[in-house]
Amino acid sequence: MSTDPTASFYTDNAAIYAARERRLPRQRLDAFLAALPARATILELGCGGGQDAAYMLSRGFDVTPTDGSAELAKEAEKHLGRPVRVMRFEALDATEIFDGIWAEASLLHVPRSALPNIFDRILRALKTGGIFHASFKAGEAEGHDKFGRYYNCPSAVWLEAMLSARGWKNITMTEADGGGFDGEPTRWLYVKAQK
């Protein structure tokens, strides 16, 4: 049993979370995929129920879906009909393997103090010119939602400064209003960067 309330939430609610009604982020997915070569290799960090991976696979890309929750990975495997690697972000240890890395609403759970290390691991795992996408709940301070899940809640300025300092190129940030599993209005921050 995990003492981390974020991990415990996904362990205890994997089936409900994976089966929830969720609108595919098609516009962001299409923009990400358009920046990659045909049949590119993509690592998905935090695949959840597997919907984004399924879409990328249907478009002919070579996707490696991962999730830190073994229970969620099992749910994604049911949806995808293929293995999902159980992997926490800090275990990413690849070097110049992927054309793209997709992290939609997953890195937002990484403690702020650990983000530099995770961004370094992602940068190392990408091939030169590789594309990285991530989304975060925008804010000025870290905190927790009503389910006890931790969020790092960065501002665009803070996040861009961190990425720039770590060697990322062509960083673009966009923001939009939306929601999430907790049903609360959310300001989302979308990041695209290149190695």
Side-chain angles (χ1 to χ4, degrees), residues 5-10 12-36 42-59 61 63 65-69 72-73 75-76 79-80 89 100-112 114-115 118-119 122 131-163 168 170-194:
T6 304
S8 295
F9 170 85
Y10 291 109
D12 298 342
N13 298 284
I16 294 166
Y17 187 81
R20 76 198 188 284
E21 191 173 318
R22 175 181 177 262
R23 197 170 83 240
L24 195 70
R26 191 174 305 244
Q27 188 174 354
R28 290 189 298 282
L29 277 163
D30 286 342
F32 173 72
L33 297 176
L36 298 174
I42 298 170
L43 173 66
E44 184 176 14
L45 295 173
C47 71
Q51 297 93 341
D52 294 2
Y55 181 75
M56 292 187 279
L57 287 163
S58 77
R59 297 278 311 276
F61 290 88
V63 182
T66 70
D67 204 278
S69 162
L72 257 181
E75 295 298 323
H79 181 70
L80 294 168
F89 306 129
I101 295 181
W102 177 262
E104 178 80 1
S106 59
L107 297 177
L108 42 64
H109 294 311
V110 175
R112 282 188 175 213
L115 272 175
I118 302 304
F119 285 136
I122 292 168
I131 303 294
F132 168 56
H133 164 88
S135 61
F136 296 86
K137 290 188 176 189
E140 296 294 335
E142 52 202 329
H144 295 81
D145 71 2
K146 65 184 178 186
F147 299 112
R149 296 180 297 174
Y150 166 86
Y151 289 92
N152 47 40
C153 298
S155 69
V157 171
W158 186 86
L159 196 55
E160 184 165 10
M162 178 188 289
L163 289 167
W168 289 91
N170 302 320
I171 301 164
T172 57
M173 306 260 179
T174 55
E175 293 189 36
D177 291 321
F181 185 80
D182 62 5
E184 299 295 326
T186 302
R187 184 73 175 168
W188 286 96
L189 175 60
Y190 302 106
V191 182
K192 182 180 170 188
Q194 190 169 24

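D145 has a carboxylate O that lies under 4.0 Å from a charged side-chain N of R149, or vice versa, which qualifies the two as a salt bridge.
The side-chain heavy atoms of F119 and V110, taken from C-beta on, include no pair separated by under 4.5 Å. Side chains of Y55 and L33 form a contact here, defined as non-hydrogen atoms less than 4.5 Å apart.
We find the CZ-CD1 distance between F32 and I101 to be 8.0 Å, quoted to the nearest 0.5 Å. Put simply, CH2 on W158 and CG on L115 are 5.0 Å apart, with the number rounded to the nearest 0.5 Å. In this structure, CZ on F132 lies 13.0 Å from CD on Q194, to the nearest 0.5 angstrom. To the nearest 0.5 Å, atom CG of residue L29 and atom NE2 of residue H133 are 7.5 Å apart. How far CD1 of I42 is from CZ of F61: 5.5 Å, rounded to the nearest 0.5 Å. To the nearest 0.5 Å, the span separating OG on S155 from CZ on R187 amounts to 12.5 Å.
Looking at S135, its side chain never comes within 3.5 Å of a backbone N or O of L189 through a donor-acceptor pair. Using a distance-only test at 3.5 Å, with no hydrogens or angles considered, a donor-acceptor pair links the side chain of R112 to the main chain of C153.
The minimum heavy-atom distance between G49 and L72, with the atom names listed, is N-CD2, 4.3 Å. Across all their heavy atoms, E44 and A53 have their closest contact at OE1-CB, 3.2 Å. Between A156 and M173 the shortest heavy-atom distance is O-CE, 3.8 Å.
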*asked:* Run the side chain to side chain contact (heavy atoms under 4.5 Å, CB included) test on R59 and D30 for me, step by step, so that the C-alpha distance in whole Å, both residues' side-chain angles and the decisive distance to 0.1 Å come before the verdict.
replied: CA-CA 10 Å; R59 297 278 311 276; D30 286 342; 2.9 Å; yes
*Evaluate the criterion side chain to side chain contact (heavy atoms under 4.5 Å, CB included) for residue pair I118 and L45; output intermediate values, then yes/no.*
CA-CA 11 Å; I118 302 304; L45 295 173; 5.7 Å; no
*With side chain to side chain contact (heavy atoms under 4.5 Å, CB included) as the test, would you mind laying out the steps for W188 and K137 before giving the verdict?*
CA-CA 5 Å; W188 286 96; K137 290 188 176 189; 4.0 Å; yes
*How far apart are the C-alpha atoms of E142 and Y150, what are their side-chain angles, what is the distance that settles it, and do they pass the side chain to side chain contact (heavy atoms under 4.5 Å, CB included) test?*
CA-CA 8 Å; E142 52 202 329; Y150 166 86; 2.5 Å; yes
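Separation of the Y151 and H109 ring centroids falls under the 6.0 Å cut-off.
Side chain to side chain, H79 and Q51 fail the donor-acceptor criterion of an N or O pair below 3.5 Å.
Among L57, L43, L80, D52, the single residue meeting the side chain to side chain contact (heavy atoms under 4.5 Å, CB included) criterion with P65 is L80. Results of the side chain to side chain contact (heavy atoms under 4.5 Å, CB included) test with V191 over T172, L159, L107 single out L159 as the only residue that passes.
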